[in-house]
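So you know, we letter chains A, B, ... as the sequences are listed, proteins then strands, and number each from 1.
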There are 2 protein chains.
Amino acid sequence: MISQTEENYLKALYSLTYLKGDANVNEISKRLDIKMPTVNSMMKKLADKGFVHYESYKPLRLTEEGKKEAALIIRKHRLTEMYLFQKMGFAWDEVHQIAEQVEHIHSPEFFSKMDELLGYPTVDPHGSPIPDQNGVMPLENYVFLNTCKAGDMVTLMAVQPSSKELLQYLTAKNLELGTTLTIKSIEPFDESLTVAYKDRPIEVLSSKVTSTLLVRVITGLA
Amino acid sequence: MISQTEENYLKALYSLTYLKGDANVNEISKRLDIKMPTVNSMMKKLADKGFVHYESYKPLRLTEEGKKEAALIIRKHRLTEMYLFQKMGFAWDEVHQIAEQVEHIHSPEFFSKMDELLGYPTVDPHGSPIPDQNGVMPLENYVFLNTCKAGDMVTLMAVQPSSKELLQYLTAKNLELGTTLTIKSIEPFDESLTVAYKDRPIEVLSSKVTSTLLVRVITGLA
DNA sequence: TTATTTTGTTAGTTTAATCTAACTTGTTAG
DNA sequence: CTAACAAGTTAGATTAAACTAACAAAATAA
Ligand SMILES: [Mn+2]
Ligand SMILES: [Mn+2]
Ligand SMILES: [Mn+2]
Ligand SMILES: [Mn+2]
């Protein structure tokens, strides 16, 4: 059996390694706000259980088994977020805290019922993909808004990472998933973007914001 | 902060003391399948925290604070059961296992949302009353079916205790909450009841069953 | 009423998950 | 290249929640 604590370490390691492929003790320590020696011994334990590749002083990686286990927890998290959002009427900035707890419930029936009632969703309320029942994470081929060019027309697909504060900022700006934006110009000094969307002809987005917004490019300058 | 483990002890003590007023270490030990010395030290800890009246070798009682705390956990349990039953389509014998886990989630918003979506229910799918937000348990003035007389007409209001096996038995017998039964006769030897309900003119219910069925008496013999 | 059984308590051990302090290894800046 | 700093590890302590073994008190049966 895998404990709630171990699940949280696996999830942290999964998200830290998602792009880079590996992570280190210090990163997990900061992410979970747990001291390094504690993380170190937990990594050894998870290695014993076959979830983590651990070698002294080397970067950490999840085994295939560990990746699957982590993805299945993330699946429960994101299904829960979607359920809270779509079926219970919570706002997109309220669902994460509750899902952090619900994700640890052991009941395949509970989560497959959610899945069914939601019509087998593929993304959570923040646009993040929901892994399938086998722990396979769907690929997303979006780009961050701060990598786009002036003149591009893009659709907002996901927010990552999605802090409560950021989500509230976006809500206040009337920016939501599916919103199409046109990039009017890019300020070279601070990389802020002037954009237009919906009934708002001029809005300025800082790079702190644009580096979290994943978009699909619809049209660029020829 | 109160741990999940402590919550389970409080809940056990609440239900064991509900009728008699007190309980003892051995009963909790059996109920939770935890050895007596462990229960003993947990009772001392809960006494330190102000939830339990503990004196060596004397029966255990909850303090008012302890009662309230326990009732609020039971509230979360029963709201969850009702939500799973009414909004997610689970059967009445499937909801308890999931609720055992969900009841420990710390999120007032989550449970008040359930409450609201359910229209502020007063009973769970097994007819057990749902305590209010202040931890006040509504009184139920039902009687057990095995205390009724031949000729009585009664309505099934609750099942207590409601094991999965019992609930499945009742479902198979087409007996559900709200069903009205007429007591045809009582067998003195084993206290089994011959009853009629719905389209079933003759069904025999053993005392093992009738001692768990709470009913409201509609009419008795004059 | 005494003996036996049941229940309750104490003492000490174990495991999981955390910590601090101290030391080692690896990385970076001068 | 070495000194300093950052990151990783080891050792040992702490707390929560469980256990077993042994003993004490209370309840029950003979
Ligand atoms: Mn989330
Ligand atoms: Mn979590
Ligand atoms: Mn999310
Ligand atoms: Mn229940």
Side-chain angles (χ1 to χ4, degrees), chain A residues 1-17 20-62 66 69-70 73 100-101 103-106, chain B residues 1-17 20-62 66 69-70 73 100-101 103-106:
Chain A
M1 193 39 47
I2 177 162
S3 74
Q4 194 152 320
T5 301
E6 290 168 333
E7 290 189 339
N8 284 332
Y9 281 89
L10 286 179
K11 209 160 52 106
L13 187 49
Y14 187 97
S15 77
L16 285 169
T17 55
K20 305 184 299 171
D22 57 35
N24 52 49
V25 173
N26 193 34
E27 288 169 325
I28 299 176
S29 172
K30 281 172 185 151
R31 169 73 65 101
L32 298 179
D33 195 24
I34 287 172
K35 296 290 178 290
M36 283 207 291
T38 307
V39 173
N40 186 270
S41 38
M42 182 57 83
M43 289 304 111
K44 287 176 173 178
K45 195 210 288 193
L46 291 174
D48 281 347
K49 293 197 175 188
F51 296 126
V52 169
H53 290 296
Y54 174 87
E55 288 180 88
S56 278
Y57 298 105
K58 298 247 176 76
L60 300 159
R61 284 173 303 116
L62 285 167
E69 207 59 47
I73 301 159
E100 274 300 307
Q101 299 178 66
E103 70 188 5
H104 300 293
I105 286 174
H106 293 293
Chain B
M1 195 38 49
I2 177 162
S3 74
Q4 195 152 319
T5 302
E6 290 168 334
E7 289 188 341
N8 284 331
Y9 282 89
L10 286 179
K11 209 160 52 105
L13 188 50
Y14 187 97
S15 76
L16 287 168
T17 55
K20 306 183 299 171
D22 57 35
N24 53 48
V25 172
N26 193 33
E27 289 169 325
I28 299 176
S29 172
K30 282 172 184 151
R31 170 71 65 99
L32 298 178
D33 195 25
I34 287 171
K35 296 288 177 293
M36 283 206 291
T38 307
V39 174
N40 187 272
S41 39
M42 182 56 84
M43 289 305 112
K44 287 176 172 180
K45 195 211 285 198
L46 291 173
D48 281 348
K49 293 196 174 189
F51 296 125
V52 169
H53 290 296
Y54 174 86
E55 287 180 90
S56 278
Y57 298 105
K58 298 250 176 74
L60 300 158
R61 285 174 302 116
L62 284 167
E69 207 59 47
I73 301 160
E100 275 298 311
Q101 299 178 66
E103 71 189 2
H104 301 292
I105 285 174
H106 293 294

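- Taking both residues in full, the closest heavy atoms of Arg31(A) and Ser15(A) are given as NH1-OG, 2.7 Å, listed atom of the first, atom of the second, then distance.
- Looking at every heavy atom in both residues, Met1(A) comes nearest to Glu6(A) through O-OE1, 4.1 Å.
- Checked by atom type and distance alone, the side chain of Ser29(B) never pairs as donor or acceptor with a backbone atom of Val25(B) at under 3.5 Å.
- One can place CG of Leu60(A) at 12 Å from C1' of dA7(D), the figure rounded to the nearest angstrom.
- Going from atom CG of Asn40(B) over to atom C1' of dC19(D) covers 14 Å, rounded to whole Å.
- Separation of atoms CD (Gln4(A)) and NE2 (His106(A)) is listed at 7.5 Å; rounding is to 0.5 Å.
- In this structure, dT28(D) and dA3(C) make a Watson-Crick or G-U wobble pair, each of the two defining distances being under 3.5 angstrom.
- Among the atoms of the strands shown, only primed sugar atoms or phosphate atoms (P, OP1, OP2) are found under 4.0 Å from some heavy atom of Lys44(B).
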Under 3.5 Å, which N/O atoms of the protein pair with N/O atoms of nucleotides 26-28 of chain C?
none

Trace of the side chain to side chain contact (heavy atoms under 4.5 Å, CB included) decision for Tyr9(A) with Val52(A): CA-CA 10 Å; Tyr9(A) 281 89; Val52(A) 169; over 6 Å; no
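- The pair Lys49(B)-Glu69(B) does not count as a salt bridge, with every side-chain nitrogen at least 4.0 angstrom from each carboxylate oxygen.
- dA26(D) atom C1' lies 12 Å from atom CG of Asn24(B), rounded to whole Å.
- Considering OH of Tyr54(B) and CG of Asn40(B), their distance stands at 4.0 Å, rounded to 0.5 Å.
- Near DNA chain D, defined here as any heavy-atom distance below 4.0 Å, there are no residues from residues 1-9 of chain A.
- Following rounding to the nearest Å, Met43(B) (CE) and dT10(C) (P) show an atom-to-atom distance of 15 Å.
- Nearest heavy atoms, Leu10(B) versus Phe51(B): CD2-CB, 3.8 Å.
- In the region residues 27-38 of chain B, proximity to DNA chain D at under 4.0 angstrom, judged on heavy atoms, holds for Ile34(B), Lys35(B), Pro37(B), Thr38(B).
- Of all non-hydrogen atoms in His53(B) and Leu62(B), the two that sit nearest each other are CD2-O, 3.7 Å.
- As a whole-Å value, the separation of Asn26(B) CG from dT7(C) P is 4 Å.
- Nearest approach of Ile105(B) to Ile105(A), heavy atoms of both residues: CD1-CD1, 4.0 Å.
- Rounded to the nearest 0.5 angstrom, Leu32(A) CG and Leu13(A) CG are separated by 9.5 Å.
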